[in-house]
Amino acid sequence: MVRTVDFAFSDEQIAIRNTARAFIADEIITREAEALRRERQGESAITRAELRELQHAARKFGFWGLSTPQEYGGMELPAVIEALLWAETGRSFIPFRFGGEADNILYHANDEQTAEYLVPTIEGDRLSCFAITEPDAGSDAANIKTSARPDGDDWLINGEKTFITGGNDADFAIVIAVTDADKGAREGSTAFLVDRAMGWTSHFIPTMGEGGPASLVFEDVRVPNRNVLGEVGQGFALGMEWIGRGRYLIPARALGAAERLLQMAIDYANTRETFGRKIGANQAIQWMIADSEVELEAARWLVLQAAWTVDQGRDARHASSIAKLFGAAMANEVVDRVLQIHGGMGYTRELPIERWYRETRLWRIFEGTDEMQRLIISRDLLRGYTTIGGHLG
Ligand SMILES: Cc1cc2nc3c(=O)[nH]c(=O)nc-3n(C[C@H](O)[C@H](O)[C@H](O)COP(=O)(O)OP(=O)(O)OC[C@H]3O[C@@H](n4cnc5c(N)ncnc54)[C@H](O)[C@@H]3O)c2cc1C
């Protein structure tokens with residue numbers, strides 16, 4: 001008999017997803033009104049202490065270290081279920097994430113670095129940030145100029161990084177710096193673990209989103225040789241490995257946000273009345289709802305396909321770029337329609353819609369802009385690295 005394609009989730013996947021959904025509904029979404037109030041006053045939606053408390057509450061349900069290896073106390077989940085869980089956390093704009101995680105490239109740490117950086121980061125006792133972007137090198141990351149030159153048993157780092165998420169709070173940075181200018185950044189960069197106490201400074205960058213990134217300044221910052229992460233010359237590859245992970249998880253988060261937003265639009269369309277009938281009775285509103293559902297559904301399968309490719313141990317870069325490009329665009333389209341359906345209320349800061357409107361815009365920019373995803377997708381095809389239809393032929 002010809003085998004059919006199975007698009008269903010297993011009972012276990014559904015059970016995990018539903019437990020997470022209930023946690024987010026009970027513990028996170030209930031905080032949204034207060035979070036919006038705080039943000040209107042220029043404060044963070046949740047404090048670091050509250051985040052930790054929530055992460056430990058989620059730990060009681062088993063949610064700790066979604067991608068973290070079991071030897072470090074994590075769940076070591078397959079990428080598909082991890083993507084489903086990122087979608088669940090995406091159902092709220094509150095920047096909640098499950099605890100017990102560390103940057104994927106920190107697992108290149110040696111034994112000493114594991115004790116000093118990796119394990120405390122997983123436990124939430126230390127905060128990291130990842131820094132590759134510079135004022136003159138964003139999309140063109142191979143153009144970075146921040147340098148690290150040997151000085152005795154140490155390295156001296158000089159340069160500036162910009163737009164670094166968490167850069168104002170982190171107590172150490174994973175910094176990609178050029179160690180061999182003759183080879184260029186691609187072959188001649190190295191990753192360093194650089195404590196704030198070693199001397200770098202950070203400056204908050206106000207953005208249209210909440211909790212903006214920071215610029216980091218390095219002036220002869222002395223870093224011991226034992227703080228090289230991975231191998232000398234491996235920095236650019238590690239940078240790309242770090243970025244690759246977000247390429248299917250950002251659109252996964254976008255899925256959750258779009259699902260929640262679309263449901264808000266449906267509820268509003270079914271209650272708000274104009275001209276003596278529900279606004280949902282108008283084709284103009286119906287089409288916005290229909291188009292949103294179609295795009296959401298398409299994005300869902302692209303995210304799952306990218307995550308599934310990761311689980312297969314195959315090169316997931318092409319699938320992830322497709323998911324990131326489409327998923328981020330989808331969220332921007334959906335939030336715009338949902339805001340429109342809510343009329344003036346959608347524009348207020350009473351509801352989370354304008355908050356999401358500002359945040360979703362970032363998803364088209366960071367960890368590879370729309371244009372960079374298009375560049376990757378077309379380059380893969382033009383060079384024959386992938387074929388139309390991918391593994392399905
Ligand atoms: C809020 C926020 C958080 C961030 N967090 C981090 C972080 O934690 N760590 C980190 O290292 N970086 C971080 N970034 C940096 C982010 O990855 C870069 O902003 C992004 O890669 C784009 O680089 P750029 O801003 O220099 O734009 P540019 O590279 O200058 O691009 C400007 C425009 O030109 C387009 N463009 C560039 N080259 C081409 C081309 N060849 N073909 C067609 N179009 C092109 C781009 O797509 C874009 O539209 C963050 C950025 C923001 C805004």
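Quick note: residue numbers are just sequence positions, from 1. Both counts, for ligands and for their atoms, begin at 1 and track the order of listing.
Ion pair E101/R97 not flagged as a salt bridge, since none of the NZ, NE, NH1 or NH2 atoms sits closer than 4.0 Å to an Asp/Glu carboxylate oxygen. For the pair E34 and R38, the salt-bridge criterion is met [side-chain N within less than 4.0 Å of a carboxylate O]. Checked for salt-bridge contact, R222 and D151 meet the test: a charged N lies under 4.0 Å from a carboxylate O. Ion pair D154/R226 not flagged as a salt bridge, since none of the NZ, NE, NH1 or NH2 atoms sits closer than 4.0 Å to an Asp/Glu carboxylate oxygen. A salt bridge links R355 with E39: the closest approach of a Lys/Arg side-chain nitrogen to an acidic carboxylate oxygen falls below 4.0 angstrom. The pair E259-R91 meets the salt-bridge criterion, since a charged nitrogen lies less than 4.0 angstrom from a carboxylate oxygen.
Between I132, T165, T162, it is T165 that holds the heavy atom closest to atom 3 (C) of ligand 1. Of the options A214, G138, P213, the smallest heavy-atom separation from atom 26 (O) of ligand 1 is shown by G138. Checking W363, W242, F163 against atom 6 (C) of ligand 1, the nearest heavy atom belongs to F163. For atom 37 (C) of ligand 1, the nearest non-hydrogen atom from the set G239, S139, G167 belongs to S139.
Counting protein heavy atoms under 4.0 angstrom from atom 14 (N) of ligand 1 gives one or more. Under the 4.0 angstrom criterion, atom 32 (C) of ligand 1 counts as lacking any protein heavy-atom contact.
The protein atom (non-hydrogen) at minimum distance from atom 20 (C) of ligand 1 is I365 O, 3.7 Å. With respect to atom 17 (O) of ligand 1, the closest heavy atom belonging to the protein is E367 N, 3.6 Å. Ranking the protein heavy atoms by distance from atom 10 (C) of ligand 1 puts T133 OG1, 3.3 Å first. Looking only at protein heavy atoms, the nearest one to atom 9 (N) of ligand 1 is F130 O, 2.9 Å. In terms of protein heavy-atom proximity, atom 1 (C) of ligand 1 is nearest to L362 CD1, 3.4 Å. In terms of protein heavy-atom proximity, atom 43 (C) of ligand 1 is closest to E371 CB, 4.0 Å.
At a heavy-atom cutoff of 4.0 Å, ligand 1 is contacted by the side chain of M372 but not by its backbone.
At least one heavy atom of I164 sits closer than 4.0 Å to an atom of ligand 1.
F366 and F163 have their aromatic ring centers separated by at least 6.0 angstrom. Checked against the 6.0 Å centroid threshold, H391 and W308 count as a close aromatic pair.
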Discussion item. Set out, in order, the CA-CA distance, both residues' side-chain angles and the distance that settles side chain to side chain donor-acceptor pair (under 3.5 Å) for D267 and Q263, then state yes or no.
Written reply: CA-CA 6 Å; D267 294 345; Q263 189 58 53; 2.9 Å; yes
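Judged by a 6.0 Å distance limit and a 45° cone about the ring axis, R253 is not positioned over the six-membered ring of W86.
Polar contact with ligand 1: present for T369 (N/O pair, distance under 3.5 Å).
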